[in-house]
Amino acid sequence: MIPSRRKLPPLNALRAFEVSGRRLNFRAAAEELGVTQGAVAQQVRALEEHLGQALFQRLPRGLALTPQGAAYLTDVTRAFDTLGDATGRLLERPSIVTISVTPTFAAKLLIPRLGELNAALHGVELRTVATEALSDFDRDQVDIAVRQARPPFPSGLEAKLLFRQELVAVASPHLLKGLPLPIATERLGELPLLHDAHDHWPMFLGTSGKLPGAVFNQTTLALDAALAGQGVALACRAFVQADMEAGHLVQVSETTASVEPDYFLVRKRTAASPGAVAAVWDWCVTRLSLSAG
């Protein structure tokens, strides 16, 4: 058996002593604690026996602290105050909801809307895990995930379609100066192409050969390069819609392509989700599913 590193008396006895020391009356202490007067007296007596010294003088009307009891009460009261303060701080902390998303989804859709989410959901702290890996809800302690997936889903999961993948070719207007738009699909290969890990360019251009251009392991990096005028990137419309509306990116070709899998919001199916998780889920369904429009 591993010995306790703290030599503490029973906490119930300490609580009975602390209240009795403040009230100097077993009856009043019993009323505060919601127990019988006899139970309080017994707890205090057990504490005195444990410590091997008297903490109170029993008087005809109430109690008086012994010198040892008065000194002990000061420290015990301070300890209970510390516990009370710690508990109060814990209860004041915001509800934490963990969401797992891909790096591109985080950079292009979620992070730009965090201010909106914080304003809508007071008292909720969103923790974002940006990863390409498939998160395990239990092992990774994830509450909600955005996944590229195909139905049907396991019976233990609830899923909501956020948007389908419509690929568009985009570039910075600085790269396209002097070029008439839209550019024919067969001429896109004349521009520097930016590839991500999905590499949909051969399908998009209808070729099976390897295409030249810079290669990035994440779509968000290819889009950053496109924003910097380094070439043409191929990405889901939902990820570039805001930059196109702001004039930072331009759709260079009328050609688009639909690919699978689609983006779904997923969580464990439970009888009742915690309030904060349900609130974040509803916000994501309302705000992020509109990104496809």
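FYI, side chains are in, hydrogens and waters are out, and symmetry mates aren't considered; it's all heavy atoms of this structure. Here the structure is a predicted model, which means the values were calculated and not measured.
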Does NE2 belonging to His50 count more than 12 external heavy atoms closer than 6.0 Å?
-> yes

Interatomic distance, Gln53 atom CD to Leu47 atom CG [nearest 0.5 angstrom] | 9.5 Å

Could you tell me the separation between the NE2 atom of His248 and the NE2 atom of His174, rounded to the nearest 0.5 Å?
-> 8.5 Å

Main-chain N/O of Glu166 paired to Ser258 side chain as donor or acceptor, under 3.5 Å | no

Just say parallel, tilted or perpendicular for the rings of His200 and His198, cut-offs at 30° and 60°.
-> parallel

Would you sort out whether Glu31 and Arg27 count as a salt bridge (charged side-chain N to carboxylate O under 4.0 Å, His left out), showing the intermediate values?
-> CA-CA 6 Å; Glu31 291 176 357; Arg27 179 180 57 78; 3.3 Å; yes

From Leu249 CG over to Gln241 CD, what is the distance, rounded to the nearest 0.5 angstrom?
-> 11.0 Å

Only residue of Phe153, Phe163, Phe105 satisfying ring pair (Phe, Tyr, Trp, His ring centres under 6.0 Å) with Phe264 is Phe153

Quick one: are Leu126 and Leu117 in side-chain contact, heavy atoms under 4.5 Å?
-> yes

For atom CD of Glu18, decide whether the heavy atoms of other residues, nucleotides or ligands shown that lie under 6.0 angstrom number more than 12.
-> yes

Flag yes if more than 12 heavy atoms outside Gln68 fall under 6.0 Å of its CD atom; otherwise flag no.
-> yes

How far does CG of Asn25 sit from OG of Ser20, to the nearest 0.5 angstrom?
-> 8.5 Å

Quick one: do Leu193 and Leu205 satisfy side chain to side chain contact (heavy atoms under 4.5 Å, CB included)? Show the steps, please.
-> CA-CA 11 Å; Leu193 301 182; Leu205 298 179; 4.0 Å; yes

Measure from the side-chain N and O atoms of Arg147 to the backbone N and O of Ser135, and report whether any donor-acceptor pair falls under 3.5 Å.
-> yes

Please confirm whether the backbone N or O of Lys210 pairs with a side-chain atom of Trp201, one donor and one acceptor, at under 3.5 Å?
-> no

Shared hydrophobic cluster for Leu223 and Leu110 (ILVMFWY, side-chain gaps under 4.5 Å) = yes

Decide whether Trp283 and Leu162 are clustered together by the hydrophobic rule: side chain heavy atoms of Ile, Leu, Val, Met, Phe, Trp, Tyr closer than 4.5 Å, transitively.
-> yes

Flag the pair Arg237 / Thr256 as yes when at least one side-chain heavy-atom distance between them is below 4.5 Å, and no otherwise.
-> yes

For the residue pair Ala226 and Leu194, what are the closest heavy atoms and their distance?
-> N-CD1, 3.4 Å

Shared hydrophobic cluster for Leu167 and Val170 (ILVMFWY, side-chain gaps under 4.5 Å) = no

Any idea which heavy atoms bring Pro112 and Ala106 closest together, and the distance?
-> CD-O, 4.0 Å

For Ser100 and Thr131, work out which heavy atoms get closest and say how close.
-> OG-CG2, 3.9 Å

Can you measure from CD (Glu132) to OG1 (Thr219) and round to the nearest 0.5 angstrom?
-> 7.0 Å

Under 3.5 Å, is there a donor-acceptor pair between the side chain of Thr104 and the main chain of Thr220?
-> yes

Apply the test side chain to side chain contact (heavy atoms under 4.5 Å, CB included) to residues Ile99 and Cys284: give CA-CA distance (whole Å), side-chain angles for both, the deciding distance (0.1 Å), then the verdict.
-> CA-CA 10 Å; Ile99 185 169; Cys284 289; 4.1 Å; yes

Please lay out, stage by stage, how Leu176 and Leu191 fare under the test side chain to side chain contact (heavy atoms under 4.5 Å, CB included).
-> CA-CA 9 Å; Leu176 303 172; Leu191 295 172; 4.2 Å; yes

Identify the two heavy atoms, one from Gln43 and one from Ala16, that lie closest to each other, and give their separation to 0.1 Å.
-> CB-CB, 3.7 Å

Geometric cation-pi criterion, Arg15 with Phe80: 6.0 Å, 45° = yes

So ring pair (Phe, Tyr, Trp, His ring centres under 6.0 Å) across residues 7-34, not counting sequence neighbours, yields Phe17-Phe56, Phe17-Tyr72

Check for a donor-acceptor pair, side chain of Glu48 on one end and backbone N or O of Leu55 on the other, with a separation under 3.5 Å.
-> yes

Which is it for Val146 and Thr102 under the side chain to side chain contact (heavy atoms under 4.5 Å, CB included) test, yes or no, and what are the steps along the way?
-> CA-CA 7 Å; Val146 174; Thr102 66; over 6 Å; no

Is any side-chain heavy atom of Asp143 closer than 4.5 Å to a side-chain heavy atom of Val280?
-> no

Residues Val232 and Ala169: closest non-hydrogen pair is CG1-CB, 3.9 Å

Are more than 12 heavy atoms from other residues, nucleotides or ligands located less than 6.0 Å from atom CZ of Arg187?
-> no

May I ask you to say whether Arg127 pairs ionically with Glu125, meaning some side-chain N is under 4.0 Å from a carboxylate O?
-> yes

Within the distance-only criterion (no hydrogens, no angle test), does the side chain of Thr66 pair as donor or acceptor with the backbone N or O of Ala54 below 3.5 angstrom?
-> yes

Charged N-O contact under 4.0 Å between Asp138 and Lys268 | yes

Please name all residues satisfying salt bridge (charged side-chain N to carboxylate O under 4.0 Å, His left out) with Arg150, sequence neighbours left out, ordered by chain then number.
-> Glu260

Same cluster or not: are Leu24 and Leu33 linked, directly or through other Ile, Leu, Val, Met, Phe, Trp or Tyr residues, by side-chain heavy atoms under 4.5 angstrom apart?
-> yes

Any side-chain heavy-atom pair from Ser289 and Leu161 closer than 4.5 angstrom?
-> no

Without swapping roles, check the side chain of Asp196 against the backbone of Phe216 for a donor-acceptor pair under 3.5 Å.
-> no

Please examine the side chains of Asp243 and Lys108, heavy atoms only from C-beta on, and report whether any two atoms are closer than 4.5 Å.
-> yes

Within one Ile-Leu-Val-Met-Phe-Trp-Tyr cluster: Val101 and Val142, side-chain cutoff 4.5 Å = no

What distance do Asp262 atom CG and Gln148 atom CD have between them, rounded to the nearest 0.5 Å?
-> 9.0 Å

Quick one: do Arg78 and Asp75 make a salt bridge, cutoff under 4.0 Å?
-> yes

